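The structure appears right after this line, and notes come after that.
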Amino acid sequence: MGRDVRQQAREQLAALEEPVGGDGPAAQGLHGDVLLVARLLSVAAENRRDGGREPSVTADDVGAALTLFEGMREQLDRLEAQAVLEARRHAMGWRRIAAHQGLNSSQAASQRYQRLITRLEEIRQGVR
């Protein structure tokens with residue numbers, strides 16, 4: 001999936017009216033965590049640019065950022081599953097969903113959704 005397609009998708013979604021309550025809790029938590037990791041990487045890059053004279057990022061900081069990824073993956077999986085459910089509610093077939101996900105077949109899209117649901121259920125039950 002090309003950069004232009006993703007940019008077009010961003011612009012289309014940005015035009016949607018924001019609901020009264022704002023983003024859902026999953027999206028807010030994910031957004032906040034992404035911003036924290038981005039901040040760490042930005043500070044680390046700035047530190048490298050100035051020759052590392054002021055090491056403001058520690059190994060503990062990097063470790064803290066790495067700790068957030070499993071939760072972010074779970075939130076992304078949850079959001080993707082919800083988006084697929086919404087697509088199905090809008091009578092989108094698996095082939096069309098696959099095309100939007102950059103997958104080659106309706107079977108691949110359906111299997112991906114099933115893996116998401118299975119993973120989320122395992123997390124809910126404490127298996128993962």
Side-chain angles (χ1 to χ4, degrees):
M1 190 175 295
R3 214 179 206 25
D4 295 340
V5 173
R6 287 190 294 266
Q7 185 56 37
Q8 188 176 20
R10 285 182 193 100
E11 291 168 3
Q12 181 174 345
L13 295 174
L16 291 174
E17 185 176 319
E18 188 171 341
V20 176
D23 293 336
Q28 289 174 349
L30 177 62
H31 183 255
D33 287 350
V34 167
L35 289 176
L36 290 171
V37 172
R39 180 186 307 165
L40 167 98
L41 296 174
S42 179
V43 169
E46 185 61 36
N47 186 38
R48 285 190 305 278
R49 277 194 288 279
D50 74 8
R53 287 185 289 273
E54 293 184 37
S56 51
V57 173
T58 67
D60 286 341
D61 295 332
V62 176
L66 290 171
T67 300
L68 299 177
F69 278 91
E70 187 58 30
M72 289 191 294
R73 275 189 199 92
E74 181 183 342
Q75 293 305 321
L76 277 174
D77 287 352
R78 191 174 312 287
L79 290 170
E80 183 176 358
Q82 290 171 345
V84 170
L85 280 174
E86 195 60 32
R88 298 294 291 159
R89 282 188 196 105
H90 282 80
M92 286 178 67
W94 286 110
R95 183 174 303 284
R96 187 169 172 200
I97 292 169
H100 285 288
Q101 291 179 313
L103 301 172
N104 293 326
S105 70
S106 56
Q107 182 181 9
S110 176
Q111 289 173 345
R112 179 175 175 149
Y113 175 72
Q114 288 304 316
R115 282 191 304 273
L116 284 171
I117 295 302
T118 299
R119 181 175 187 275
L120 290 169
E121 183 59 23
E122 288 173 352
I123 290 169
R124 189 187 72 75
Q125 292 179 4
V127 176
R128 277 189 183 222

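Only a predicted model underlies this, so the values are computations on that prediction, with no experimental measurement involved.
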Inset, instruction - For the residue pair Q75 and R78, establish whether any side-chain heavy-atom pair is separated by less than 4.5 Å. - result: yes

Legend entry - Shared hydrophobic cluster for I97 and I117 (ILVMFWY, side-chain gaps under 4.5 Å): yes

Inset, instruction - Identify the heavy atoms of S56 and V43 that sit nearest to each other, and give their distance. - result: OG-CG1, 3.2 Å

Legend entry - Same apolar cluster (I L V M F W Y, side chains within < 4.5 Å links), I123/L85: no

Legend entry - R128/E74 salt bridge by N-O under 4.0 Å criterion: no

Side chains of residues 32-39: which donor-acceptor pairs under 3.5 Å do they make with residues two or more places apart or in other chains?
none

Inset, instruction - Determine whether more than 12 heavy atoms belonging to other residues, nucleotides or ligands lie under 6.0 Å from atom CZ of R88. - result: yes

Legend entry - Co-membership, hydrophobic cluster, residues L30 and L120, 4.5 Å side-chain: no

Legend entry - Main-chain N/O of T58 paired to D61 side chain as donor or acceptor, under 3.5 Å: yes

Inset, instruction - Following the transitive rule for hydrophobic clusters with a side-chain heavy-atom cut-off under 4.5 Å over Ile, Leu, Val, Met, Phe, Trp and Tyr, establish whether L76 and V84 coincide in one cluster. - result: no

Legend entry - Derivation and outcome, side-chain hydrogen bond (donor to acceptor under 3.5 Å, both in side chains), residues E11 and Q7: CA-CA 6 Å; E11 291 168 3; Q7 185 56 37; 3.2 Å; yes

Inset, instruction - Taking all non-hydrogen atoms of both residues into account, name the closest pair between L103 and A109 and its distance. - result: CD1-CA, 3.6 Å

Legend entry - Min side-chain heavy-atom separation E86-Q82 under 4.5 Å: no

Inset, instruction - Give a yes or no on this: more than 12 heavy atoms of other residues, nucleotides or ligands lie within 6.0 Å of atom CD of E121. - result: yes

Inset, instruction - State, to 0.1 Å, how close S105 and A98 come at their nearest heavy-atom pair, and which atoms those are. - result: O-CB, 3.1 Å

Inset, instruction - Considering non-hydrogen atoms only, spot the tightest contact between L40 and A65 and give its length. - result: CD2-CB, 3.6 Å

Legend entry - Qualifying ring-ring contact (aromatic ring centres under 6.0 Å, His included) pairs with a residue from residues 108-128, counting only residues at least two apart or across chains: W94-Y113

Inset, instruction - Indicate yes or no: at least one non-hydrogen side-chain atom of M92 is less than 4.5 angstrom from one of H100. - result: yes

Inset, instruction - Please round to the nearest 0.5 Å and tell me the distance separating atom CD of Q111 and atom CG of L116. - result: 12.0 Å

Inset, instruction - Quick one: pull up CD in Q107 and CZ in R95 and give me the separation to the nearest 0.5 Å. - result: 11.0 Å

Legend entry - Donor-acceptor side-chain pairing of Q12 and Q8 below 3.5 angstrom: no

Legend entry - By side chain to side chain donor-acceptor pair (under 3.5 Å) - contacts of R119 (at least two apart): E70, D77

